[in-house]
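Keep in mind it's a predicted model, so treat the numbers as computed, not measured.
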Amino acid sequence: MLWLTILAVFASLIGASYARVEQVTLTESFISYPGYSCYLLSRFFPNNQVHFPSSPPYTDAQSAYWSSQQSFIAPGCRFTPHGVQDVQLAVNHLLLTNTSFAIASGGHSSNNGASNIDAGVTIDLSRLDEVTIAEEGNAVWLGPGARWSDIYAKLEESGLAVSGGRVGHVGVGGYVLGGGFSWFANELGWTCDQVLEYEIVTPARQILQVSATENEDLFWALKGSLGAFGVVTRIKMPTVRIGNVFGGALTYRQEHVVDVFAALQALAMKAREDLYSQAYVSFGWVQLHKRHGTSAYLMNTAGDRSSAALAKLTSIPHVASSLRNMTLGESAREITDSNPLGFRRTKFTLTASSTEEAMHIVHDAYLRTTASTRFGPDDMLGVTMQPLTLPHLLKGRNIFSLRGEKSPLLLLSAEFWWSDRAYDEMYEEAARALHDAWGAELQAKGLLHSWLYPNYAASWQRPFEEPSIPQGAQEALESVRQKHDPEDVWRQLVPGIWHV
Ligand SMILES: Cc1cc2nc3c(=O)[nH]c(=O)nc-3n(C[C@H](O)[C@H](O)[C@H](O)COP(=O)(O)OP(=O)(O)OC[C@H]3O[C@@H](n4cnc5c(N)ncnc54)[C@H](O)[C@@H]3O)c2cc1C
């Protein structure tokens, strides 16, 4: 009976204009039926833009997520728009048919359901991958589905770069909309601080150009809020003129962590003396090798091999080095190679005051976690510590409200990688326990900061709420949301993301 009714509904709608779709009275269970919604979408986009389960474009895209939990989420179909009008039409359709959906650019969120959706529609922006140099090389338009390695390769041909991701296969969309921590952060701030213009399809189904002089409220709100305000279809950024950079990874023995932390702290404190130099430190447990690894990735964007700012890190005895002059794109590819797809993952973030004491608290809790966790044979835990320097924080206008900081912060992230879904619960619990230990121990020493970086936050963290952002910023975001999404439809139909 149900099927007959659905077929009747299909028959009445095939070839219909959206004006007609609106006139049809459908019960809620029909209109939210994803197969029906996908079928209709495929009628409006007959040219290989709506992909159904088992088709090669569907399975290829499903396997390209960073976390394999997202790969196993099964949307009723994946829709690949070719331009902003396609996105507008699709959003209109999804809202009218009350269909839940997700938005994917590079698929590098570690959060289950952030960019894929079970039994809904995934708007897959991978074909919106333009890299269009504009304004005589001073700016570039980027599609949200472009990957940083492709962008750097294209810009390098003209001696240009852009303040973008450090890892090649990350997508533009989530990275820029969530903030964006680039190798140019000391010079230019967050990547989102640099954005000159966005093109967006809002929940009110409007296509808007958003800049410092047009839709200014959204221009601020889009800087750090990921997908809370609509589907962003183009982003314009200023370019950077660049030659070769100097960078690479140094691998240290465990016994040198004290020196490594001291060197990282010195780099954080002296950022103003050399805005071109930056580094992050990672340590991790690799069950396959049954040992801890400690490394630093160093970068001088001016290509200076003898940067005094990096000398402390390079002078610590190390067991391996890939330091060299190279292009930014080569560096992004190098880091990509050490970040393979295909693992199950869980990740979280915290922020601390940048001090050596904070680094040791973080490291000690990590050691306790690795000692007490029964890792599977392929599994890993990685921790990364990245100084957020004052020149970085004091730039730009974004939703983070970190401009008043008086000393550098330390951005922390931890991620478990594993293969067997039987371990899901264990690693989720281990991640929570490590989070709680860091939080409590940093708090006890007065070193915990309340801000949460959206691009690293776990789905159970709340980056757009107090205390991560102050009450005033939260209220301002809500008022922008009320203006552009008065019926709060995004919250109802895009379930996998944080809303404001
Ligand atoms: C290996 C690796 C390296 C990383 N390196 C860095 C780094 O150097 N610096 C840094 O700051 N971060 C880094 N990150 C974090 C990364 O920036 C975030 O995970 C980012 O959100 C990924 O963007 P994406 O488009 O690839 O992912 P997606 O999973 O496609 O998107 C992430 C979120 O943004 C939303 N979204 C994406 N595009 C749009 C759009 N166009 N309109 C509306 N909403 C959208 C999605 O719905 C989703 O909720 C890294 C992550 C990984 C896994």
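Closest approach of Cys192 to Val176, counting heavy atoms only: CB-O, 3.5 Å. Considering every non-hydrogen atom in both Trp490 and Gly227, the closest pair reads NE1-O, 2.8 Å. The two residues Gly180 and Asn455 make their nearest non-hydrogen contact at N-ND2, 3.8 Å. For the residue pair Ile399 and Ser225, the shortest heavy atom distance occurs at CD1-N, 3.9 Å. The minimum heavy-atom distance linking Leu313 with Ala279 is given by the pair CD1-CB, 3.6 Å. In plain terms, the two heavy atoms of Leu434 and Ala414 that are nearest each other are CD2-CB, 4.0 Å.
To the nearest 0.5 angstrom, Tyr276 atom OH is 7.0 Å from Thr301 atom OG1. Annotation: the span from Thr314 atom OG1 to Leu323 atom CG amounts to 7.5 Å, rounded to 0.5 Å. Tyr456 contributes atom OH, which lies 13.5 Å from atom CZ of Phe348 (distance to the nearest 0.5 angstrom). Note that the OG atom of Ser321 and the CG atom of Leu298 stand 8.5 Å from one another [nearest 0.5 Å]. Of the inter-residue distances, the one linking Met380 atom CE with Glu415 atom CD reads 10.0 Å to the nearest 0.5 angstrom. Here the straight-line distance linking atom NZ of Lys347 with atom NE2 of His435 works out to 14.5 Å at 0.5 Å rounding.
Under a cut-off of 6.0 angstrom, the local environment of CZ in Arg291 is sparse, with at most 12 non-hydrogen atoms contributed by other residues, nucleotides or ligands. For Phe261, the CZ atom counts as densely surrounded, since its 6.0 Å shell holds more than 12 non-hydrogen atoms of other residues, nucleotides or ligands. The local environment of CD in Glu487 is sparse, with at most 12 non-hydrogen atoms from other residues, nucleotides or ligands closer than 6.0 Å. Residue-environment remark: CD (Glu425) stays at or below the threshold of 12 foreign heavy atoms within 6.0 Å. Heavy-atom contacts from other residues, nucleotides or ligands closer than 6.0 Å to CZ of Arg253 number 12 or fewer. Applying the 6.0 Å contact sphere to NZ of Lys312 captures no more than 12 heavy atoms from other residues, nucleotides or ligands.
By the 4.5 Å heavy-atom criterion applied to side chains, Trp190 and Phe400 are counted as neighbours. Side-chain contact between Pro203 and Val489 is present, with heavy atoms from C-beta onward closer than 4.5 Å. Side chains of Phe101 and Thr122 form no contact here, defined as non-hydrogen atoms less than 4.5 Å apart. In this structure, Pro75 and Gln62 have side chains that are in contact, with non-hydrogen atoms separated by less than 4.5 Å. With contacts defined as side-chain heavy-atom distances shorter than 4.5 Å, the pair Leu264/Pro387 qualifies. With a 4.5 Å cut-off on side-chain heavy atoms, Ile497 and Leu226 do not count as touching. Counting heavy atoms from C-beta outward, Phe416 and Glu428 have side chains that stay 4.5 Å or more apart. Val480 has its side chain out of reach of Val500: every pair of non-hydrogen atoms, C-beta onward, lies at least 4.5 Å apart.
Using modelled atom types and a 3.5 Å distance limit, the side chains of Ser115 and Gln70 yield a donor-acceptor pair. At a cut-off of 3.5 Å, with distance as the only test, a side-chain donor of Glu405 or His449 sits close to an acceptor on the other residue. Glu475 and Gln471 are linked by a side-chain donor-acceptor pair at a separation below 3.5 angstrom, with hydrogens and angles left out of the test. Ser282 and Thr384 are linked by a side-chain donor-acceptor pair at a separation below 3.5 angstrom, with hydrogens and angles left out of the test. A donor and an acceptor atom, one from each side chain of Ser354 and Gln265, are located under 3.5 Å apart. Looking at Asp193 and Thr191, their side chains never bring a donor and an acceptor atom within 3.5 Å of each other.
Remark: the backbone N or O of Leu452 is paired with a side-chain donor or acceptor of Ser468 at under 3.5 angstrom. Judged purely by atom type and a 3.5 angstrom limit, Gln461 uses its side chain to pair as donor or acceptor with the backbone of Thr349. Under the 3.5 Å distance criterion, the side-chain polar atoms of Arg481 are matched with a main-chain donor or acceptor of Asp485. At distances below 3.5 Å, not a single donor-acceptor pair connects side-chain atoms of Thr373 with backbone N or O atoms of Phe375. Judged by distance alone, with hydrogens and angles left aside, the side-chain atoms of Gln194 form no donor-acceptor pair with the main-chain N or O of Ser163 at under 3.5 Å. Here the side chain of Arg272 pairs no donor or acceptor atom with the backbone of Met269 at under 3.5 angstrom. At least one donor-acceptor pair under 3.5 Å links the side chain of Thr355 to the backbone N or O of Ala358. Of the possible donor and acceptor atoms, none in the side chain of Lys406 sits under 3.5 Å from a partner among the backbone N and O of Leu390.
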Check your understanding: For Val245 and Asn300, what are the C-alpha separation, side-chain angles and deciding distance, and is it a side chain to side chain contact (heavy atoms under 4.5 Å, CB included)?
Key -> CA-CA 6 Å; Val245 300; Asn300 179 282; over 6 Å; no
Exercise for review: Just do the side chain to side chain contact (heavy atoms under 4.5 Å, CB included) check on Phe184 and Leu328 with the steps written out, would you?
Suggested key: CA-CA 11 Å; Phe184 298 96; Leu328 195 63; 3.8 Å; yes
Exercise for review: Could you give me the CA-CA distance, side-chain angles and deciding distance for Ser307 and Asp274, then say whether side chain to side chain contact (heavy atoms under 4.5 Å, CB included) is met?
Suggested key: CA-CA 8 Å; Ser307 148; Asp274 180 354; 3.3 Å; yes
Exercise for review: Show your reasoning for whether side chain to side chain contact (heavy atoms under 4.5 Å, CB included) applies to Leu411 and Tyr280.
Suggested key: CA-CA 10 Å; Leu411 178 58; Tyr280 60 76; over 6 Å; no
Review point. Run the ring pair (Phe, Tyr, Trp, His ring centres under 6.0 Å) check on Phe229 and His484 step by step: do they pass?
Key: CA-CA 8 Å; Phe229 290 95; His484 295 280; 7.5 Å; no
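Ring geometry for Trp498 against Phe464 counts as perpendicular: the plane angle is over 60°, on a 0 to 90° scale with 30° as the lower cut.
Salt bridge present: Asp124 and Arg78 bring a charged side-chain N and a carboxylate O closer than 4.0 Å. Ion pairing between Asp129 and Arg147 fails under the 4.0 Å rule for side-chain N and carboxylate O.
Partner of Tyr198 under the side chain to side chain contact (heavy atoms under 4.5 Å, CB included) criterion, chosen from Asn215, Leu218, Leu177: Leu177.
Residue pairs satisfying the ring-ring contact (aromatic ring centres under 6.0 Å, His included) criterion with at least one member in residues 292-312, sequence neighbours excluded, are listed as follows: Trp183-Tyr297, Trp285-His292, His292-Tyr366.
Ring centroids of Tyr427 and Trp418 are separated by less than 6.0 Å, placing the two rings close together. Checked against a 6.0 Å centroid threshold, the rings of Tyr175 and His108 do not count as neighbours.
Looking at residues two or more places apart in sequence or on another chain, you find a ring pair (Phe, Tyr, Trp, His ring centres under 6.0 Å) between Trp417 and Trp66, Phe343.
In this structure, Arg432 forms a cation-pi arrangement with Trp460, its terminal cationic atom sitting closer than 6.0 Å to the ring centre and no more than 45° off the ring axis.
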